[in-house]
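Have a look at the structure below, then the notes.
Since the model is a prediction, treat every value here as computed from it, not as a measurement.
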Amino acid sequence: KILKRYLSSPSSSSSPTPSPSPSKSPSPSELPLSSPKLITILPDISSTPSKESTLLKVNIPKKSSNNTNIVSDIISLNRQLLQELQLSPSSSLPSSSPSSPSPSPSPSSSSILSKEDESEEENKYVYRLNHPLAKSLSKTTSKKINIYVGMSGGVDSSVSAYLLSQLDNVTVTGVYIKCWDEKEETGYCSGEKDYQDALHVCLHLGLRLLKVDMVKEYWQSVFSHFVSEYERGRVPNPDMLCNREIKFKSFVKYCLDNGADLVATGHYARLSHRYGLSKGEIRMLRGKDETKDQSYFLASVDKSDFSRVIFPVGHLHKSEVRKIAEQQNLKIAKKKDSMGVCFIGPRSLPDFLSQYITTSSGDFVSVDDNNIILGKHNGHNYYTIGQRARLPGKPSRYYVTGTNPTTNQVYLTDDLDHFSLFTDICVLSNVHWIRRPSLVQEVYDCQTMHLGELNSCTIISSDSTSPSTMMTVKFSKPHKKVGLGQTLVFYRGDECFGSGIIERYHV
């Protein structure tokens, strides 16, 4: 009402008047403004604003003889509005004493911001639930929307739960997935510690936490495949398998079967459902933080499994997520990110694989010096394209150019730019599309590893009738470090279109 009266009042005004008494609302003539030019942003009063967004945001001109009084009066008015709305004054508001120092003339430091200001600077920390199902439910029913959040015990899922808990008409439930049995002596798992961290966060936020056992599913769908691929001398990606088979299939199904309307995870990616569930048109975009983007790991997930999924931190940078966690006093605010394969932990890959696959020693062979033998290795399964190989007593650094499972040989070069480390054509299997193109002659950006080199490629042939959906792509420039079993992911700009498994490549 105060703002509406001000907007309808004459723009001219005399010198600033004393701060309004907190016992009554000021009249338009009493508003502490010497010029309407001082107001740069006002909340949208055409619709019902939130309580905090009722506060004024002003920028003070560089030259003004009454800066101190104006700031003092504006602060007083904001404090009165807070009192009328039965809110506690924000600690970020400075004292209204006339002796307070003048603010810096820069717009950023001279603005008085409310906690949920309508400016982009503040709103980027607020998650907006734009999923079409949520909009539909809010119109057709009075019941709250049930959102289940996959809690890993890390900062990303914890902040996701917090952001969702701040929404109106939403009930948030945390779910911790147990994927590895701590009693499995040959494996590594920080599961119990992670579960305790997730429990602590949920208690702090006042949320319920469920624990679901998916050890059997993980062993059958992820771990067994991981081991068998290494036995064949290939390079699998267990994170992609875990996302496709566990997190967005088994886990999402569990949540929906147990009352969830939507499912959230802490992935750094973005989903667009604006085309509607009825059409089944879903688009996946990279996360805003290019250094943490996880769309690569999600590229093989069936798009139908994304239909009820949201990513609350996909529009944030990691530094902003940690800042939110610190502001909310979450215990895990400074917890380190999990790196590498979860069940391997701090151990080396050879030490881990030796417990599951049988290997034998073989020869390191030079591709530079007529295939001379450079030394011995403990098994070709432990080496991938581009990996550095350490040879005791050798002055040069050597890099793996390929392996031969039949002869158990590992080929090496001391030239990091050796032609055998590059390829220009790849044959893909198990091609999966989130958004299907017209295929042949389509040009995309592509990556063959998470946060790896971005290249462009052209689809030069496709066999959609094949059970494994084979496809051949040609890179615009020779691509480095391509291993069999790796995943190639297609992009255009920020949009992720799909993926395929590298079966063959041409040198």
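In this structure a side-chain-to-backbone donor-acceptor pair under 3.5 Å is present from S224 to W219. At least one donor-acceptor pair under 3.5 Å links the side chain of S165 to the backbone N or O of Y162. Under a 3.5 Å cut-off, the side chain of H432 and the backbone N or O of V301 do form a donor-acceptor pair. The closest donor-acceptor contact from the side chain of Y296 to the backbone of T448 lies under 3.5 Å.
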Open item on the list: For a salt bridge (charged side-chain N to carboxylate O under 4.0 Å, His left out) check, start with the C-alpha distance between D239 and K247, then their side-chain angles and the critical distance, and finish with the verdict.
Closed with: CA-CA 10 Å; D239 291 320; K247 293 180 181 177; over 6 Å; no
Open item on the list: I'd like to know whether V149 forms a side chain to side chain contact (heavy atoms under 4.5 Å, CB included) with T173, so could you lay out the CA-CA distance, the side-chain angles of the two residues, the decisive distance to 0.1 Å, and finally the verdict.
Closed with: CA-CA 6 Å; V149 185; T173 300; over 6 Å; no
Task: Intermediate values then yes/no, side chain to side chain contact (heavy atoms under 4.5 Å, CB included), R308 and L133 - done: CA-CA 8 Å; R308 298 288 188 95; L133 178 65; 3.6 Å; yes
Task: Residues R492, E442; criterion salt bridge (charged side-chain N to carboxylate O under 4.0 Å, His left out); working and verdict - done: CA-CA 11 Å; R492 272 189 190 154; E442 287 279 331; 2.3 Å; yes
Task: Stepwise side chain to side chain contact (heavy atoms under 4.5 Å, CB included) check, H315 with V313 - done: CA-CA 5 Å; H315 67 296; V313 298; 5.7 Å; no
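Looking at every heavy atom in both residues, T265 comes nearest to P312 through O-CD, 3.4 Å. Nearest heavy atoms, S304 versus S307: O-OG, 2.9 Å. Listed here is the closest heavy atom pair of G153 and I332: O-CG2, 3.4 Å. A pairwise comparison of heavy atoms in A269 and L298 identifies CB-CD1, 3.7 Å as the closest pair. When all heavy atoms are compared, the tightest approach of V159 to A325 is CG2-CB, 3.9 Å. Taking both residues in full, the closest heavy atoms of S160 and G266 are given as OG-CA, 3.5 Å, listed atom of the first, atom of the second, then distance.
Distance CD/E192 to CG/D197: 10.0 Å, rounded to 0.5 Å. Between the CG atom in L205 and the CG atom in N329 there is a gap of 11.0 Å [rounded to 0.5 Å]. The structure places SG of C446 at 4.5 Å from CG of L488, a figure rounded to the nearest 0.5 Å. In this structure, CG on L454 lies 9.0 Å from NE2 on H479, to the nearest 0.5 angstrom. Atom CG of D305 and atom CD of E245 lie 9.0 Å apart (nearest 0.5 Å). One finds the CE atom of M449 at 6.5 Å from the CD atom of Q486 (value rounded to the nearest 0.5 Å).
For K211 and Y195, the positive end sits near the middle of the six-membered ring, less than 6.0 Å away and at most 45° from its axis.
Within the structure, the salt bridge (Lys or Arg N to Asp or Glu O under 4.0 Å) test picks out the following pairs touching residues 259-273 (sequence neighbours left out): K143-D261, R270-D494. Among residue pairs with one or both ends in residues 144-160, those qualifying as salt bridge (Lys or Arg N to Asp or Glu O under 4.0 Å) are D156-K318; sequence neighbours excluded.
Annotation: side-chain contact (heavy atoms from CB on, under 4.5 Å) contacts of H200 (sequence neighbours excluded): K331. Residues that satisfy the salt bridge (Lys or Arg N to Asp or Glu O under 4.0 Å) test with D257, not counting sequence neighbours, are K253. Every residue was checked against the salt bridge (Lys or Arg N to Asp or Glu O under 4.0 Å) condition with D289, not counting sequence neighbours, and none meets it. Under the side-chain hydrogen bond (donor to acceptor under 3.5 Å, both in side chains) criterion, E229 pairs with R232, R234, sequence neighbours left out. By the side-chain contact (heavy atoms from CB on, under 4.5 Å) test, S456 is found to be paired with D445, S476, residues two or more places apart in sequence or in another chain being considered. Judged as a ring-ring contact (aromatic ring centres under 6.0 Å, His included), and not counting sequence neighbours, F251 has no contacts. For V170, the side-chain contact (heavy atoms from CB on, under 4.5 Å) criterion is met by L129, I145, I147, L167, V172, not counting sequence neighbours. The side-chain contact (heavy atoms from CB on, under 4.5 Å) search around Q220 returns K216, not counting sequence neighbours. Y254 meets the ring-ring contact (aromatic ring centres under 6.0 Å, His included) test with no other residue; sequence neighbours excluded. The salt bridge (Lys or Arg N to Asp or Glu O under 4.0 Å) check on R244 picks up nothing, with sequence neighbours excluded.
The environment of CD in E326 is crowded: more than 12 heavy-atom neighbours from other residues, nucleotides or ligands sit within 6.0 Å. Around NZ of K481, the count of heavy atoms belonging to other residues, nucleotides or ligands within 6.0 Å does not exceed 12.
Below 30°, between 30° and 60°, or above 60°: for F311 and F248 the angle between ring planes is above 60°, a perpendicular geometry. Relative orientation of the H131 and H273 rings is tilted, given thresholds of 30° and 60° on the angle between their planes. Using cut-offs of 30° and 60° for the angle between ring planes, the W180 and Y218 rings count as perpendicular.
Counted by atom type alone, S300 and S499 present zero donor-acceptor pairs between their side chains at under 3.5 Å. Judged by distance alone, the side chains of Y268 and Q294 never bring a donor and an acceptor atom under 3.5 Å apart. Under 3.5 Å, the side chains of S295 and Y491 contain a donor-acceptor pair of N or O atoms. No donor-acceptor contact under 3.5 angstrom links the side chains of S319 and H317, judged on distance only.
Between P238 and F223, every side-chain heavy-atom pair lies at or beyond the 4.5 Å cut-off. Looking at I502 and T487, their side chains never come closer than 4.5 Å, going by heavy atoms from C-beta outward. A heavy-atom distance below 4.5 Å is found between the side chains of R286 and D293. Taking the side chain as every heavy atom from C-beta outward, F475 and T458 never approach each other to under 4.5 Å. For the pair V155/L330, no side-chain contact is recorded, criterion being any heavy-atom separation below 4.5 Å from C-beta on. Between L316 and K288 the shortest side-chain heavy-atom distance does not fall below 4.5 Å. Taking the side chain as every heavy atom from C-beta outward, V263 and I310 never approach each other to under 4.5 Å. By the 4.5 Å heavy-atom criterion applied to side chains, Q196 and L199 are counted as neighbours.
The pair K477-E453 meets the salt-bridge criterion, with a side-chain N (NZ, NE, NH1 or NH2) lying under 4.0 Å from an Asp/Glu carboxylate O. The pair R322-D337 meets the salt-bridge criterion, since a charged nitrogen lies less than 4.0 angstrom from a carboxylate oxygen.
Aromatic pair Y444/F497: ring centres closer than 6.0 Å.
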